[in-house]
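Throughout, a chain's letter reflects where its sequence line sits, starting with A, and its residues are numbered from 1.
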2 protein chains.
Amino acid sequence: MTEASAEDLQKAGLKATVPRLKILRMLDTCDQSHMSAEELYRRLLEEHEEVALATIYRVLTQFEQAGLVERHHFEGGQSVFELCRDGHHDHLICLKCGKVEEFFDEAIEARQKAVAAQYGFELTQHSMTLYGLCASCRSN
Amino acid sequence: MTEASAEDLQKAGLKATVPRLKILRMLDTCDQSHMSAEELYRRLLEEHEEVALATIYRVLTQFEQAGLVERHHFEGGQSVFELCRDGHHDHLICLKCGKVEEFFDEAIEARQKAVAAQYGFELTQHSMTLYGLCASCRSN
DNA sequence: GTATATGCAAAACTTTTGCATCCTT
DNA sequence: AAGGATGCAAAAGTTTTGCATATAC
């Protein structure tokens, strides 16, 4: 995938403003792909690219509505945001070091659809998050 | 299952205080089995069984630690609490009317374990929530 | 030039905490 | 009687909003 750019914003129907580009770039290039608004704010600050926290929240909400970003509610209360890249996936999170792994499992997806159908639901989205200890945290 | 009682609290290692019993009873008998702290507060108020909101939060946290209650982070920011009755289950939520259905699917549980193992994780918990439109909301 | 976005400060909301008083065992 | 629990009020944390100014097209 090429670097996040002004066109990505325009294609999504959003003006290519400086704060939006900073936020998009940070989501795209940061080693940490799942960040809270506060984390994003701090990292931008560190790179001397400060954007007001209120703007970060507004922009993330717009990105979410435009389908550029997904918002997750993991344990811990605050929302975490992730740039939508390839397709759908679920998450595996280490409770000790916070590492986030992404995975996709066809069998699970199929069963989810089957369960929803069984209850008469039209499925529009789902969230599935596994919590545990990652390999390196286990060995310590 | 018999009505929630003082013994349930004592077995869990908690003093059987009046506020705790009120909260436990409400969780047990309310038609709505998944409630936020605020909702619990309002419903107790309606039944003239007021408990301070701060106490509700403290008690719910203790209940959670004692294994009496599960805390969920569904969409919408605030925590929702549910009395632990039978075994583990996942949730299916209607985005329109808020109805919560519980389900359990062995195939999904098995795949979750397999996925965790594949990534070297020791699985300690998981949350899986399906969102959609329930049958009656679809027909309207 | 015009509509929209941003920054700042304040507000709204959820959850936690300090402390004096009260209740359970 | 003693330790722990509660209520109240205040604080802390997260997210939203009003409004004047600045920016993108």
Side-chain angles (χ1 to χ4, degrees), chain A residues 4-27 34-45 48-66 68-82 98, chain B residues 4-26 34-45 48-66 68-82:
Chain A
S5 67
E7 281 115 66
D8 295 317
L9 291 175
Q10 284 155 349
K11 266 186 279 180
L14 296 168
K15 276 192 194 170
T17 65
V18 170
R20 284 180 186 155
L21 276 167
K22 286 180 181 173
I23 293 168
L24 186 62
R25 286 249 166 72
M26 179 58 75
L27 284 166
H34 297 74
M35 283 180 285
S36 66
E38 182 74 33
E39 261 172 280
L40 216 37
Y41 173 76
R42 280 208 321 276
R43 288 186 190 243
L44 286 167
L45 201 73
H48 308 287
E49 305 273 14
E50 178 162 6
V51 175
L53 192 52
T55 301
I56 294 185
Y57 276 106
R58 271 187 292 235
V59 167
L60 287 171
T61 301
Q62 293 158 344
F63 282 8
E64 187 191 10
Q65 285 161 355
L68 290 174
V69 148
E70 247 184 88
R71 179 193 301 250
H72 302 291
H73 297 92
F74 297 151
E75 306 282 298
Q78 86 264 62
S79 302
V80 239
F81 300 85
E82 169 189 19
Chain B
S5 67
E7 281 115 68
D8 295 317
L9 291 175
Q10 284 157 346
K11 267 186 280 181
L14 296 168
K15 276 192 194 170
T17 65
V18 170
R20 284 181 186 154
L21 276 167
K22 287 180 181 174
I23 294 168
L24 186 62
R25 287 248 165 72
M26 180 58 75
H34 298 74
M35 283 180 287
S36 67
E38 183 74 32
E39 262 172 279
L40 216 35
Y41 174 75
R42 281 207 324 274
R43 289 187 187 241
L44 286 168
L45 202 72
H48 308 287
E49 304 273 14
E50 179 163 5
V51 176
L53 192 52
T55 301
I56 294 185
Y57 276 107
R58 270 187 292 234
V59 167
L60 286 171
T61 301
Q62 293 159 343
F63 281 8
E64 187 190 12
Q65 285 162 354
L68 291 174
V69 149
E70 247 185 87
R71 179 192 303 248
H72 303 291
H73 298 91
F74 298 150
E75 307 283 295
Q78 86 265 61
S79 301
V80 286
F81 300 85
E82 168 189 22

Establish, with yes or no, whether the OP1 or OP2 oxygen of D/dT6 is under 4.0 angstrom from a side-chain nitrogen or oxygen of B/Thr17.
yes
Can you measure [X] atom [atom1] to [N] atom [atom2] for me and round it to whole angstrom units?
{"X": "B/Tyr41", "N": "D/dC8", "atom1": "OH", "atom2": "C1'", "answer": "11 Å"}
{"X": "A/Leu53", "N": "C/dA5", "atom1": "CG", "atom2": "P", "answer": "19 Å"}
{"X": "B/Phe81", "N": "C/dT15", "atom1": "CZ", "atom2": "P", "answer": "7 Å"}
{"X": "B/Phe63", "N": "D/dA5", "atom1": "CZ", "atom2": "C1'", "answer": "12 Å"}
{"X": "B/Leu45", "N": "D/dG7", "atom1": "CG", "atom2": "C1'", "answer": "14 Å"}
{"X": "B/Tyr57", "N": "D/dA12", "atom1": "OH", "atom2": "P", "answer": "18 Å"}
{"X": "B/Lys22", "N": "C/dC23", "atom1": "NZ", "atom2": "C1'", "answer": "13 Å"}
{"X": "A/Leu40", "N": "D/dT15", "atom1": "CG", "atom2": "C1'", "answer": "14 Å"}

Hey, does [X] reach any base, or is it just sugar-phosphate, or nothing, if we go heavy atoms under 4.0 Å?
{"X": "B/Arg58", "value": "base"}
{"X": "A/Gln10", "value": "sugar-phosphate"}
{"X": "A/Ser79", "value": "sugar-phosphate"}
{"X": "B/Ala16", "value": "sugar-phosphate"}

Would you say [X] and [Y] make side-chain contact, with heavy atoms under 4.5 Å?
{"X": "A/Leu27", "Y": "A/Leu68", "value": "no"}
{"X": "B/Arg71", "Y": "B/Thr61", "value": "yes"}
{"X": "B/Met26", "Y": "B/Arg43", "value": "yes"}

B/Arg71 vs A/Val18, nearer the 5' end of DNA chain C by closest nucleotide
A/Val18
Considering heavy-atom distances to DNA chain C, does B/Ser36 or A/Pro19 have its closest nucleotide positioned more toward the 5' end?
A/Pro19
At what distance, to the nearest 0.5 angstrom, does CZ of B/Arg42 lie from CG of B/Leu40?
10.0 Å
Heavy atoms only: give me the nearest A/Arg20-A/Leu9 pair and the separation to one decimal.
CB-CD1, 3.8 Å
Minimum-distance nucleotide to A/Ala54 side chain [options: D/dG7, D/dT16, D/dT14]:
D/dT16
Compare the minimum distances between each of C/dA5, D/dT17, D/dG3 and the side chain of A/Lys15, then state the nucleotide with the smallest one.
C/dA5
